[in-house]
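Structure, as structure tokens:
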Amino acid sequence: MQIRQQGRQTWLFDGPLGIIGQAAVAGPREGQGPLAADFDQIFDNLRLKQDSFEKSEQKMGERAARAAIAKAGLTPDEVDVFFAGDLINQITPSGFTARSIGIPFFGLFSACSTATEALSLASLCVASGAARRALALASSHTCTAERQFRYPNEYGSQKPPYSQVTATAAGAALVAAEPAAVKVSAVTVGRVCDERISDPFQMGAAMAPAFADTVQAHFRERGVDVDYYDLVLSGDLGRVGQAIAQDLLQLQGLSLAQEQLADCGLLLYGGDKRVFSGGSGCGCAAAVGFGHIYRRISQGELRRVLLCATGALLSPVANQQKESIPAICHAVALERGE
Amino acid sequence: MAGKPQAAAWYQVIVQRHTPPKKLARNCLTAFIGGGALCALAQAALFSLMHFADMAEKDASTVVLTGVIFLTALCTGLGIYDHAGQKLGAGLAVPISGFANSVAASMMEHRSEGYVLGSGCNSFKLAGAVVVFGIISAFGVALILMFLGKI
């Protein structure tokens, strides 16, 4: 197992770096969507029998983490390091999950790009020999995120048609230096991009430049052809952000075919109008990437996918202080293993 | 205080091209009809109380306002109000129902942090601004009227 830096932002993994276990869990609305069959567990209500939504989110993440480990035929004791993040202040659901499963833990905050940040770092740990097995987890819950970033859940405000809705979902992936159906072949670390969008409902427009920047860097530094990937999957740009991202890529001279592009926030809900432009949240890219995409690669429907989770690094305080919305995107290349 | 940052013109063009417009005319119309209907119902209730229950206008309006506040809080608690708010927008936000909803929603939201420090402390999280600036502007108006010798 070897890891190589290529260019400034890209890491290449030579040798088998397999996803030996994975799981995706989802809330009621996501469970009614087109990806229902790809979820290990679907919860029929948002509470999960907990007395706060924060606890519900923690339970959801923990279920995903435990399911991923169990599917690899392992116990938490056999996993050496755990990377996790969510959207809540001080990432408490991740911390509480780490407390309960007892794996040495790094907490992450990278907004909705946490799924690929966690998977990148888990891959790095295993490839460098720092850990035998590393677990990546990201979760989000619509009721905890909406209240933190927007208004109280029951407040009757009118959302604009370009807004997005936080997904109630979690995804976990367990990485080890052994052959598996799906392997991690490369990572491109994102830079923070800010095109000075300041409307917190315009997340897609805020994040699209970060997506384009990372995808450009990945193709340039890895030196692969434009048709190398079956799918270049953005995290959660939504319908609006995805259209903007396509324009940006073309403007910068990277002409990906229409059918090569997809967005986790759109895949998760199909055409559900109740989520406006599409889904968002850490759990969106995690559940779609580690659930749906993993399944399609392992079954041979797809060969290579560049999973590019996008995150908006805003806070309500920064927004009220009239800061614009910086965004980031980390890309992980998932390929069919041997 | 500095203004909000602006995206570069070229990026604004791309963003505008793909951003569905807010349906301003439709939103205004549904707000007018929805809010108008709410107010007409309340007015009908007021007249009914005055005529059939023989109440003075002042007493009847207190009863009607309390009723609207109660019904709003109930609908908020039942999870209906936020969906209606998405449809009717300002029609539900401008009347006193909007105020009641913002208090009830904030209290529900923070219930898990306790009755006092959670629901209690956060109840005027959104409505507080209305109270504060309402009092300040009332004071300003009263001051002007006083100088004009009307009070």
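Being a predicted model, the structure only gives us computed values, none of them experimental. Naming: A, B, ... by sequence-line order, numbering from 1 per chain.
The shortest non-hydrogen separation linking A:Gln158 to B:Gln86 is NE2-O, 3.0 Å. A pairwise comparison of heavy atoms in A:Tyr155 and B:Ser102 identifies CE1-CB, 3.6 Å as the closest pair. A:Pro152 and B:Ala105 make their closest contact through CB-O, 3.8 Å (heavy atoms, listed as atom of the first residue, atom of the second, distance). Residues A:Ser198 and B:Pro5 share a closest heavy-atom pair of OG-O, 3.6 Å. Here the closest non-hydrogen pair linking B:Asp82 and A:Asn153 is OD2-O, 3.3 Å.
Counting heavy atoms of neighbouring residues, nucleotides and ligands inside a 6.0 Å radius, atom CG of B:Asp54 does not exceed 12 of them. Atom CZ of A:Phe201 is surrounded by more than 12 heavy atoms from other residues, nucleotides or ligands within 6.0 Å. Within 6.0 Å of the CD atom in B:Glu57, the count of heavy atoms belonging to other residues, nucleotides or ligands does not exceed 12.
Using modelled atom types, one side-chain atom of A:Arg147 and one backbone atom of B:Glu109 make a donor-acceptor pair closer than 3.5 Å. Not a single donor-acceptor pair under 3.5 Å links the side chain of A:Glu195 to the backbone N or O of B:Ala7. In terms of modelled atom types and a separation under 3.5 Å, the side chain of B:Tyr11 and the main chain of A:Ile197 share no donor-acceptor contact.
Side-chain contact of A:Glu154 with B:Asn101: a donor-acceptor pair under 3.5 Å is absent, judged by distance alone.
Of the atoms belonging to A:Gln242, not a single heavy atom falls under 4.5 Å from chain B. With a 4.5 angstrom heavy-atom cutoff, A:Phe276 touches chain B only via side-chain atoms. With a threshold of 4.5 angstrom between heavy atoms, A:Ser324 approaches chain B through its backbone and through its side chain. Proximity to chain A is absent for every atom of B:Leu92, based on heavy atoms less than 4.5 angstrom apart. When heavy atoms are compared at a cutoff of 4.5 Å, A:Asp199 does not approach chain B at all. For B:His83, no part lies under 4.5 angstrom from a heavy atom of chain A.
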> What's the verdict on side chain to side chain contact (heavy atoms under 4.5 Å, CB included) for A:Val240 and B:Val15, showing C-alpha distance, side-chain angles and the deciding distance?
Replying inline: CA-CA 8 Å; A:Val240 177; B:Val15 172; 5.8 Å; no

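Counting heavy-atom pairs closer than 4.5 Å to chain B, the top residue among A:Asn319, A:Leu251, A:Asp247, A:Asp51 is A:Asp247. Of the residues considered (A:Gly204, A:Pro209, A:Cys143), A:Pro209 shows the highest number of contacts with chain B, using heavy-atom pairs under 4.5 Å. Most heavy-atom pairs under 4.5 Å with chain A, from the set B:Arg17, B:Gln12, B:Lys87: that is B:Arg17. Contact count against chain A (heavy-atom pairs under 4.5 Å) is highest for B:Pro20 among B:Pro20, B:Gly98, B:Ala8. In terms of heavy-atom pairs under 4.5 Å with chain B, the best-connected choice from A:Pro161, A:Ser277, A:Pro160, A:Ser52 is A:Pro161.
Distance check: A:Ile244 CD1 to B:Gln16 CD gives 9.0 Å after rounding to the nearest 0.5 Å.
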